[in-house]
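A short worksheet on the structure shown next.
Keep in mind it's a predicted model, so treat the numbers as computed, not measured. Order of the sequence lines fixes the chain letters, A, B, ..., with proteins taken first and strands second; residue numbering starts at 1 for each chain.
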Amino acid sequence: MAATPLVLYNTLSRTKEQFVPLKAPFVGLYVCGPTVYGDPHLGHARPAITFDLLYRYLGSKGYRVRYVRNITDVGHLENDADEGEDKITKKARLEQLEPMEVAHHYTERYHDAMRELNVLTPSIEPRASGHIIEQIELTREILKKGFAYESNGSVYFDVEAYDKKYHYGKLSGRVLEDMLSNTRTLDGQSDKRNPFDFALWKKAAPEHIMRWPSPWSEGFPGWHLECSAMSTRYLGEQFDIHGGGMDLMFPHHECEIAQSTAASGHDAARYWVHNNMITINGQKMGKSLGNFITLEQLLSGDHPLLEQPYSAMTIRFFILQAHYRSTLDFSNEALQGAEKGYERLMKAVALLPKLKPANTSTTDISAYRTRFQAAMDDDLNSPVLIAELFDAVKLINQVYDNHQTLTQKDIEELTQQVTFYVTEILGLRNDLQTDNHQTLTKVMDLVLDIRNTAKTNKDWTTSDQIRDGLTKAGIQVKDRKDGTDWELE
RNA sequence: GGUCUGAUGGCCGAGUGGCUAGGCACAGCUCUGCAAAAGCUGCUACAGCGGUUCGAGUCCGCUUCAGACCUCCA
């Protein structure tokens, strides 16, 4: 496949760069996945869909992508880094469950949501708890290189030592000295030498359930270590793209860079790609802010802020209609707009097989291919791609209404291009006809209402026509004293 | 306080110097028994103030406002 060059915005350089894989046609892609201690919400959908789009598009260019997206089931501390309980452990206590039971439950919930959103499964989905050995090894390596120190059974990354040789803060644009001058001094209780040092290994408090043996103590790995360890394990010391939400840039990704560089002497990821946040009333949607809407609530409409339910594909379309590096503001009006737009697009796609060929074409459709591609090549500009697709939608409708004509060959080309970009790249499924259970109930309410009116008017011809017609259609009508029931046979 | 983003028409949201983004909503028309769909037409905005330029939403400076990160977070 003759691939046109893809340009990606690299957070490291803060510019758009042409994407050149280390070892084409192979591409290594690592994306920070969810911490499984809560239901997936609208915010989780953003990176999942953003990197699904990237994964799909890279694949369409002929690259063989290994997409690794982790599951964080251990390691994040609740409040203060040094005092807090492991987040998953805390939730487990509250619910009287095993930690792994909680992790498993929410992992399944996440998978369900991803399936609904038509997000492809990654090549590998490693769990932090399954890679303790790798994390211990990495900690050992960093210690050996002199960029970490042990303190009371815990191991901390020595940011100051690292910053002397490399640059701590290169991703987020921070300078260590500035950060230090802006921080209050430690209260003296910490094992850390420096407030910006972060844990590679934490000694477990007695009540801490999730713990593993290590050379330093029984404990658990630090917050940032898992991604470094697992990306190295599955993609190598150097790989192509590291993705995640912008909120992870600091400290999480910064620390990942420091860990990898400290251990191996060079950067691990070459392109850092960050998706922006979904906001609600202009504020970031987040668990800690308590203003998030779960995906389940979006699908059911069961949330004070929701005027109606929204389908998974509406949500996907809503997200794709904004560029991944822009904030995207939630509102009912915006979702409803997305719902209509999605319907318009899918209706036109459904119309494609019905187009009748003509001897000549009144429009040159050869440009669509390059325009679709150009939009995606430009840093995954899905909004522009969608705008281009709507241009094709108009053409499809015009041809259907005999306002324009296309040859058989052009119809085939148009069909191929449009359906490819809509279903394979944007990953939009046609869900317009699938939500039939609710629809059938509403239709039956209506039909039986008409029949009851007829019965009231003693219009037996009409009422019997309806009942017999329904029987033939496989629906049994059951008249009762207090109303009418029906069931599918 | 530090670092970094952003401010586009009723709503959402593209656009890094010159030619109408697109969707939704709204209005009129065509089609039509009515409606819907579809088509056609209209709605032409870029926070404010300076500057650079033949020309700026687009570059530079300042102001105002908003947001993210600096603590777990997608």
(request) Quick one: which residue pairs count as a ring pair (Phe, Tyr, Trp, His ring centres under 6.0 Å) with a foot in residues 330-352 of chain A, not counting sequence neighbours? (result) none
(message) Can you tell me how the ring of A/His44 sits relative to the ring of A/His41, calling it parallel under 30°, perpendicular over 60° and tilted otherwise?
(response) tilted
(request) Looking at every strand, decide which applies to A/Leu345 at a 4.0 Å heavy-atom threshold: base, sugar-phosphate, or nothing. (result) nothing
(message) Taking side chain to side chain contact (heavy atoms under 4.5 Å, CB included) as the definition, give me every residue that meets it alongside A/Ser13, ordered by chain and number, with sequence neighbours left out.
(response) A/Asn10, A/Thr15, A/Glu17
(message) Suppose you measure atom C1' in B/rU53 against the same atom in B/rG67; what distance do you get, rounded to whole Å?
(response) 33 Å
(message) Do A/Arg325 and A/Tyr9 form a cation-pi contact, if we require the NZ or CZ to be under 6.0 Å from the six-membered ring centre and within 45 degrees of the ring's axis?
(response) yes
(request) Output the single nucleotide from B/rC73, B/rA14, B/rA38 whose closest atom is nearest the side chain of A/Asn397. (result) B/rA38
(message) Please report the distance, rounded to the nearest Å, between OH in A/Tyr324 and P in B/rG6.
(response) 13 Å
(message) Between B/rC43 and B/rU3, how far apart are the two P atoms, rounded to whole Å?
(response) 46 Å
(request) Quote, to the nearest angstrom, the P distance that separates B/rC73 from B/rA14. (result) 26 Å
(message) Need to verify one output field. Residue with the more 5' nearest nucleotide on RNA chain B, A/Asp378 or A/Asp329?
(response) A/Asp329
(message) Measuring from the side chain of A/Asp401 (C-beta onward, heavy atoms only), which nucleotide among B/rG39, B/rG13, B/rC70 has the closest atom?
(response) B/rG39
Provide a list of protein-nucleic acid N or O atom pairs under 3.5 angstrom, restricted to nucleotides 43-45 of chain B.
none

(request) State which residues pass side chain to side chain contact (heavy atoms under 4.5 Å, CB included) with A/Ser231; sequence neighbours excluded, sorted by chain then number. (result) A/Tyr30, A/Phe239
(message) Rounding to an integer number of angstrom, what distance separates B/rC46 and B/rG15 when you compare their C1' atoms?
(response) 11 Å
(request) Mind checking ring-ring contact (aromatic ring centres under 6.0 Å, His included) for A/Trp212 and listing every partner two or more places apart, or none if nothing turns up? (result) none
(request) Check RNA chain B against residues 116-127 of chain A and give the residues with a non-hydrogen atom under 4.0 Å, in numerical order. (result) none
(request) Take atom P in B/rG18 and the same atom in B/rA56, then report the distance between them in whole Å. (result) 11 Å
(message) Output the rounded distance in Å from NZ (A/Lys284) to C1' (B/rC4).
(response) 14 Å
(message) Need one value for A/Gly173: base, sugar-phosphate or nothing, where a base atom within 4.0 Å counts as base even if backbone is also close, heavy atoms only.
(response) sugar-phosphate
(message) I'd like to know if the side chain of A/Asp240 reaches the main chain of A/Leu29, judged simply by a donor and an acceptor atom lying under 3.5 Å from each other, with no hydrogens or angles considered.
(response) no
(request) Round to the nearest Å and state the distance from A/His323 atom NE2 to B/rG6 atom C1'. (result) 15 Å
(message) If I take atom NE2 in residue A/His253 and atom C1' in nucleotide B/rC4, what distance separates them, rounded to the nearest angstrom?
(response) 16 Å
(message) Generate the contact string for nucleotides 21-33 of chain B. Rules: B means base contact, S means sugar-phosphate contact only, - means no protein heavy atom under 4.0 Å.
(response) BSSSS--------
(message) Test: ring pair (Phe, Tyr, Trp, His ring centres under 6.0 Å). Region: residues 368-403 of chain A. Which pairs qualify, not counting sequence neighbours?
(response) A/Tyr368-A/Phe372, A/Phe372-A/Tyr421
(message) I'd like to check the side chain to side chain contact (heavy atoms under 4.5 Å, CB included) partners of A/Ala387; sequence neighbours left out, ordered by chain and number.
(response) none
(message) Please determine whether a side-chain nitrogen or oxygen atom of A/Ser326 lies at a distance below 4.0 Å from atom OP1 or OP2 of B/rA14.
(response) yes
(request) Run the numbers on A/Asn70 and A/Thr72 for side-chain hydrogen bond (donor to acceptor under 3.5 Å, both in side chains), then give the verdict. (result) CA-CA 6 Å; A/Asn70 67 298; A/Thr72 298; 3.1 Å; yes
(request) For A/Arg174, check side chain to side chain contact (heavy atoms under 4.5 Å, CB included) against everything at least two apart and list the hits. (result) A/Ser172, A/Met179, A/Phe250
(message) If you only use heavy atoms from C-beta on, which nucleotide in B/rC70, B/rA14, B/rC73 is closest to the side chain of A/Asp247?
(response) B/rC73
(message) For the NE2 atom on A/His111, are there more than 12 heavy atoms of other groups (residues, nucleotides or ligands in this structure) within a distance under 6.0 Å?
(response) yes
(message) Could you go through A/Glu101 and A/His105, starting from their C-alpha distance and side-chain angles, then the distance that decides it, and tell me whether this counts as side-chain hydrogen bond (donor to acceptor under 3.5 Å, both in side chains)?
(response) CA-CA 6 Å; A/Glu101 198 175 349; A/His105 172 75; over 6 Å; no
(request) Please check the phosphate of B/rA14 (OP1 and OP2 only) for any side-chain N or O of A/Asn381 closer than 4.0 Å. (result) no
(message) Wobble G-U and Watson-Crick pairs count when both distances are under 3.5 Å; given that, what is the 5' to 3' dot-bracket string of RNA chain B, with | for pairing to other strands?
(response) (((((((..(((.....[...))).(((((.......)))))....(((((..]....))))))))))))....
(message) Please report the distance separating the P of B/rG51 from the corresponding atom of B/rG57, rounded so that it comes out in whole Å.
(response) 15 Å
(request) Take atom CZ of A/Arg14 and atom C1' of B/rG6, then tell me their distance rounded to the nearest Å. (result) 14 Å
(request) Take atom OH of A/Tyr110 and atom P of B/rC73, then tell me their distance rounded to the nearest Å. (result) 14 Å
(message) Would you measure the distance from the C1' atom in B/rA7 across to the matching atom in B/rC49 and give it in whole Å?
(response) 15 Å
(message) Distance check needed: B/rA37 C1' versus A/Gln398 CD, whole Å only.
(response) 15 Å
(request) Examine distances only and state if a side-chain atom of A/Arg66 and a backbone atom of A/Tyr234 form a donor-acceptor pair shorter than 3.5 Å. (result) yes
(request) Return each pair, listed once, that meets salt bridge (Lys or Arg N to Asp or Glu O under 4.0 Å) where at least one residue sits in residues 391-403 of chain A; pairs must be two or more places apart or across chains. (result) A/Arg371-A/Asp391
(request) Indicate, with a heavy-atom threshold strictly under 4.0 Å, whether A/Thr327 touches base, sugar-phosphate, or nothing. (result) sugar-phosphate
(message) Measuring only the C1' atom in each nucleotide, how far is B/rG9 from B/rA27? A whole number of Å is fine.
(response) 16 Å
(message) I want to confirm an ordering. Mapping A/Gly286 and A/Ala322 to their closest nucleotides on RNA chain B, which one lands closer to the 5' end?
(response) A/Ala322
(request) Round to the nearest Å and state the distance from A/Leu320 atom CG to B/rC12 atom P. (result) 19 Å
(message) Does A/Met246 reach a base, just sugar-phosphate, or nothing at all? Heavy atoms under 4.0 Å.
(response) nothing
(request) Measure up the A/Trp272 and A/His253 rings against each other and bin them: parallel (under 30°), tilted (30 to 60°), perpendicular (over 60°). (result) tilted
